[in-house]
Amino acid sequence: PDDHEARAHYARDLLRLGREEEGREQLDRAFKARPYDAQLFNMLNLLDSLRRFETVEQGPFVLQLPKAEVPILADDALALLREAYEISQRKYQVEIETPVRVQIFDDHDDFMVRSVGLPGSIGFMGICFGRLITMDSPSARPKGTMNWRSVLWHEFAHVVTLRKTGHRLPRWLSEGISVYEETQRSPAWGQKLDIQYKPIIRSEPLPGLADLERYFIQPKTALHVMLGYFFAAEFVKFYVDMYGFDAVPRALDRIAAGSRAEKALVEA
């Protein structure tokens, strides 16, 4: 009870699980003991600002977004989520835990504070914590720099694979499947082989399967992270083309049971 740092972590985890009332109570208690903690201060302010959001509930989804965004985004976002939900449960042979909460922000710093407690990190557009998706709306980004549909589809694929594996799959495979699923929904979506990657590809050896995780947990630059998304998705495409899509859920089942991803993929 006197470990206020642990209480702060607990509060943030409750919020990431969508348990906002419990999370708010723990945040208040932690902040009372640590009134100069920037992340706690930011998160409490953010939760206050969420009161201006409207909540739209439909089937397994709870969508929260600013009032001005509701007539623009709500119907289309819920339609896309329903489509993803129906396809994914059948495709991945998984029952998705509900409700799935989606929070869409018209201010990027609010999105980042809600997600990690600190503003900034403009490269992020969406983050998934399992049953909670947080993301920017297009009004939070420079005009023409975001396709919110592809971001939402990508993040919902994380909901599916995290549920399927009990959160045990490595980041590279999670991102690879999400980008792959974007391309299955639309050839205009997904990660492309951009000219900006050419210096990296020319100066470094191409990765093997065991190398892909370092693009996400030990990247040399931000550009390496984005290239990691591309490489991981290319692997998933190759794997599906070579062995058929049914090998993917078989591999995820093995990962859920405790196998390392590389071993699970080979066995599946």
Side-chain angles (χ1 to χ4, degrees), residues 11-24 27 42-92 94-117 119 121 124-141 143 145-164 167 174 178 181-182 184-186 189:
R12 286 194 287 269
D13 286 343
L14 286 169
L15 292 169
R16 290 166 180 167
L17 291 168
R19 293 161 61 179
E20 293 192 0
E21 290 185 12
E22 297 170 78
R24 175 64 190 252
L27 268 184
N42 289 341
M43 189 68 79
L44 285 167
N45 282 342
L46 185 278
L47 291 179
D48 288 339
S49 72
L50 281 177
R51 291 171 179 163
R52 67 185 174 87
F53 278 36
E54 285 200 5
T55 299
V56 184
E57 297 187 40
Q58 190 177 100
F61 300 106
V62 178
L63 180 64
Q64 294 177 290
L65 66 173
K67 184 176 182 179
E69 303 271 349
V70 171
I72 304 168
L73 284 178
D75 287 346
D76 286 348
L78 288 165
L80 192 72
L81 286 165
R82 287 196 306 273
E83 178 186 348
Y85 179 83
E86 291 166 5
I87 291 172
S88 298
Q89 292 206 115
R90 179 175 66 253
K91 188 174 181 180
Y92 284 87
V94 63
E95 184 177 344
I96 297 168
E97 191 177 6
T98 60
V100 176
R101 188 179 300 271
V102 180
Q103 295 178 337
I104 301 178
F105 294 86
D106 57 359
D107 182 287
H108 177 76
D109 283 342
D110 283 349
F111 153 59
M112 289 306 300
V113 168
R114 174 64 180 90
S115 305
V116 300
S121 298
F124 286 97
M125 297 185 189
I127 297 178
C128 175
F129 295 102
R131 287 169 55 197
L132 170 69
I133 294 170
T134 58
M135 61 179 284
D136 279 336
S137 83
S139 58
R141 314 288 302 191
K143 186 176 180 180
T145 62
M146 178 191 189
N147 182 333
W148 68 265
R149 288 179 174 84
S150 68
V151 173
L152 185 55
W153 194 268
H154 177 107
E155 298 305 329
F156 189 79
H158 285 310
V159 173
V160 176
T161 54
L162 290 171
R163 172 66 171 171
K164 180 75 170 173
H167 290 249
S174 183
S178 282
E181 287 296 347
E182 285 184 69
Q184 297 304 292
R185 177 59 170 72
S186 170
W189 298 358

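Checked against side-chain contact (heavy atoms from CB on, under 4.5 Å), Asp110 has the following partners two or more places apart in sequence or in another chain: Leu46, Ser49, Arg52, Phe105, Asp107. Applying the side-chain contact (heavy atoms from CB on, under 4.5 Å) rule to Leu17 yields the partners Arg19; only residues at least two apart in sequence or on another chain are considered. A search for side chain to side chain donor-acceptor pair (under 3.5 Å) contacts involving Glu54 returns nothing, not counting sequence neighbours. Here Phe129 pairs with nothing under the ring-ring contact (aromatic ring centres under 6.0 Å, His included) rule; sequence neighbours left out.
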Residues Arg24, Asp48; criterion side-chain contact (heavy atoms from CB on, under 4.5 Å); working and verdict
CA-CA 10 Å; Arg24 175 64 190 252; Asp48 288 339; 3.1 Å; yes

Applying side-chain contact (heavy atoms from CB on, under 4.5 Å) to Val100 and Tyr85, what does each step give before you reach the verdict?
CA-CA 10 Å; Val100 176; Tyr85 179 83; 5.8 Å; no

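Pairs passing the salt bridge (Lys or Arg N to Asp or Glu O under 4.0 Å) check and including a residue from residues 65-78, sequence neighbours excluded, read Asp76-Arg149. For residues 94-103, every residue pair satisfying the salt bridge (Lys or Arg N to Asp or Glu O under 4.0 Å) rule, not counting sequence neighbours, is listed here: Glu97-Arg131, Glu97-Arg163.
In this structure, the side chain of Arg114 engages the main chain of Leu15 through a donor-acceptor pair within 3.5 Å. Trp153 places a side-chain N or O within 3.5 Å of a backbone atom of Glu181 that can act as its donor or acceptor partner.
Between the CG atom of Leu80 and the CZ atom of Phe61 there is a distance of 9.0 Å, given to the nearest 0.5 Å. Here the straight-line distance linking atom CZ of Arg16 with atom CD1 of Ile127 works out to 8.5 Å at 0.5 Å rounding. Note that NE2 of His108 and CZ of Phe124 are 8.5 Å apart. Values are rounded to the nearest 0.5 Å. In this structure, CG on Leu63 lies 5.0 Å from CG on Leu78, to the nearest 0.5 angstrom. Taking CZ of Arg12 as the reference point, atom CG of Leu27 lies at 8.0 Å (rounded to 0.5 Å). For the atom pair Thr161 OG1 and His167 NE2, the distance stands at 9.0 Å (nearest 0.5 Å).
Across Gly126 and Glu155, no two heavy atoms sit closer than the pair O-OE2, 3.0 Å. Looking at every heavy atom in both residues, Asn147 comes nearest to Ser150 through O-OG, 2.9 Å. Scanning both residues, Ala157 and Ser178, for their nearest heavy atoms gives CB-OG, 3.4 Å. For the residue pair Leu152 and Ala77, the shortest heavy atom distance occurs at CD2-O, 3.9 Å. Between Val94 and Ser88, the shortest heavy-atom contact is CG1-O, 4.3 Å. Smallest separation of non-hydrogen atoms from Met146 and Asp136: CE-O, 3.0 Å.
The environment of Phe53 atom CZ is dense: over 12 non-hydrogen atoms of other residues, nucleotides or ligands sit within 6.0 angstrom.
Two residues are said to be in side-chain contact when any heavy atoms from C-beta on lie closer than 4.5 Å; Arg185 and Ile87 fail this criterion. Side-chain contact between Cys128 and Leu162 is present, with heavy atoms from C-beta onward closer than 4.5 Å. Here the side chains of Pro138 and Leu73 are in contact, with some heavy-atom distance below 4.5 Å.
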